[in-house]
Peer 1: 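If you scroll down you'll find the structure; I have some questions about it.
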Amino acid sequence: MKLLFVYLLLLKATLTSFSGLASLPVIRADFVEHYRLLTDNQLNTAIAASRLGPGPIGLYVVGVGYYAAGLPGACAGWLAMVTPAFLIIPMLRFIGKRAEHPRVKSVIRMMLLASSGLLLYSAVPLARGAVSGPVSLAILIASFLAMAFTKIDSLWIIVGSAVAGLIALAI
């Protein structure tokens, strides 16, 4: 029963998001705040682990499933991650020529803005849990500035942040 519950919570999150980490607000609300299946630290770990490996950005739902219900939970997370991909085909067929209609464009644009706001709302508590001193705060600020004002690939920013963190520990 818990496995089905984990799958349904993750499916709700993946069905209501529009890209990668956009499901984070829903997952954090359900898994950390409401049902307390995970801690913020476990959610941070799931996100970080998925960002270090290859694959889609939303892969962290597999890690969330793992922390919530072990290996079967990871399988439930994977299934919840791929289910929306099968639903996109009929949706694309329906939207088809309507995609260029001004109202449809406006709805899509507003949904993206709402998703961005929700993502920011979820990122702040996770950042609070991850920032533990001046070094981690400096890494956070440097990473943000690098993403916002340069064309450096996010992989190199993550690797650079990890190296900076290791150097800070060694000193």
Side-chain angles (χ1 to χ4, degrees), residues 6 8-35 37-65 67-68 77-78 80-92 94-96 98-132 136-162:
V6 167
L8 291 174
L9 287 177
L10 290 171
L11 182 62
K12 177 180 94 172
T14 58
L15 283 174
T16 57
S17 68
F18 298 96
S19 66
L21 292 173
S23 60
L24 184 59
V26 177
I27 287 178
R28 185 173 184 282
D30 285 344
F31 282 83
V32 176
E33 294 175 356
H34 191 256
Y35 296 107
L37 296 170
L38 299 178
T39 64
D40 272 331
N41 190 35
Q42 289 172 316
L43 183 55
N44 274 336
T45 303
I47 293 167
S50 72
R51 296 297 304 220
L52 291 174
I57 295 173
L59 190 61
Y60 76 98
V61 298
V62 176
V64 169
Y67 278 122
W78 175 81
M81 183 181 72
V82 299
T83 301
F86 293 112
L87 301 175
I88 194 73
I89 296 167
M91 188 173 81
L92 287 173
F94 174 76
I95 291 176
R98 295 175 189 93
E100 294 302 317
H101 191 278
R103 286 185 184 163
V104 173
K105 280 184 166 181
S106 179
V107 167
I108 291 170
R109 194 173 22 254
M110 294 309 120
M111 291 171 77
L112 288 172
L113 287 172
S115 178
S116 298
L118 289 171
L119 185 58
L120 182 61
Y121 173 77
S122 291
V124 170
L126 292 175
R128 277 191 207 127
V131 175
S132 59
S136 56
L137 180 61
I139 292 172
L140 170 74
I141 292 169
S143 298
F144 175 78
L145 293 174
M147 282 299 296
F149 299 109
T150 70
K151 293 185 181 205
I152 299 172
D153 189 79
S154 61
L155 171 68
W156 297 115
I157 294 172
I158 292 169
V159 169
S161 298

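Index from 1, following the sequence. Computed from a predicted structure; not experimentally measured.
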Peer 1: Considering all heavy atoms of both residues, which atom of G65 and which atom of V6 are nearest to each other, and what is their separation?
Peer 2: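 In terms of heavy atoms, the two residues are closest at CA-CG1, 4.2 Å.
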Peer 1: Out of curiosity, Y60 OH to L21 CG, how far, rounded to the nearest 0.5 Å?
Peer 2: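 The CG atom of L21 is 5.5 Å from OH of Y60, to the nearest 0.5 Å.
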Peer 1: Report all side-chain donor-acceptor pairs from residues 102-111 shorter than 3.5 Å, counting only partners two or more places apart or in another chain.
Peer 2:
residue	atom	partner	partner atom	Å
K105	NZ	E100	OE1	3.2

Peer 1: Hey, could you give me the OG1/CG distance between T45 and D40, rounded to the nearest 0.5 Å?
Peer 2: 10.5 Å
Peer 1: Any chance you could measure I152, atom CD1, to I158, atom CD1, to the nearest 0.5 Å?
Peer 2: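 Here the interatomic distance stands at 12.5 Å.
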Peer 1: What verdict does the side-chain contact (heavy atoms from CB on, under 4.5 Å) test give for M81 and L59, after you've listed the backbone C-alpha separation in whole Å, the side-chain angles of each residue and the deciding distance to 0.1 Å?
Peer 2: CA-CA 7 Å; M81 183 181 72; L59 190 61; 3.7 Å; yes
Peer 1: Between V64 and L9, is a side-chain contact (heavy atoms from CB on, under 4.5 Å) present by the stated rule, with each step listed?
Peer 2: CA-CA 11 Å; V64 169; L9 287 177; over 6 Å; no
Peer 1: Applying side chain to side chain contact (heavy atoms under 4.5 Å, CB included), can you list everything that pairs with V26, at least two apart in sequence or on another chain?
Peer 2: K12, A13, T16, D30
Peer 1: Between the main-chain N or O of L11 and the side-chain N or O of T14, is there a donor-acceptor pair closer than 3.5 Å?
Peer 2: yes
Peer 1: Only counting residues at least two apart or in another chain, list the ones meeting side chain to side chain contact (heavy atoms under 4.5 Å, CB included) with S161.
Peer 2: I139, S143, I157
Peer 1: Could you pull out every donor-acceptor pair under 3.5 Å between side chains of residues 82-92 and any protein atom, sequence neighbours left out?
Peer 2:
residue	atom	partner	partner atom	Å
T83	OG1	Y7	OH	3.2
T83	OG1	L79	O	2.6

Peer 1: What pairs meet the salt bridge (charged side-chain N to carboxylate O under 4.0 Å, His left out) rule with one or both residues in residues 44-60, with sequence neighbours excluded?
Peer 2: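 Listed once each, the pairs would be none.
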Peer 1: Can Q42 and V32 be said to form a side-chain contact (heavy atoms from CB on, under 4.5 Å), step by step?
Peer 2: CA-CA 9 Å; Q42 289 172 316; V32 176; over 6 Å; no
Peer 1: The criterion is side-chain hydrogen bond (donor to acceptor under 3.5 Å, both in side chains); which residues satisfy it with S136, sequence neighbours excluded?
Peer 2: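 Residues passing side-chain hydrogen bond (donor to acceptor under 3.5 Å, both in side chains) with S136: none at all.
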Peer 1: Is there a side-chain contact between F31 and L43 (heavy atoms, below 4.5 Å)?
Peer 2: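 F31 does not reach L43 side chain to side chain.
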Peer 1: Do you know which two heavy atoms are closest between A80 and L10, and how far apart they sit?
Peer 2: CB-CB, 3.6 Å
Peer 1: As an exercise, state the distance from CD of E33 to CG of L38, rounded to the nearest 0.5 Å.
Peer 2: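 Here the rounded value is 12.0 Å.
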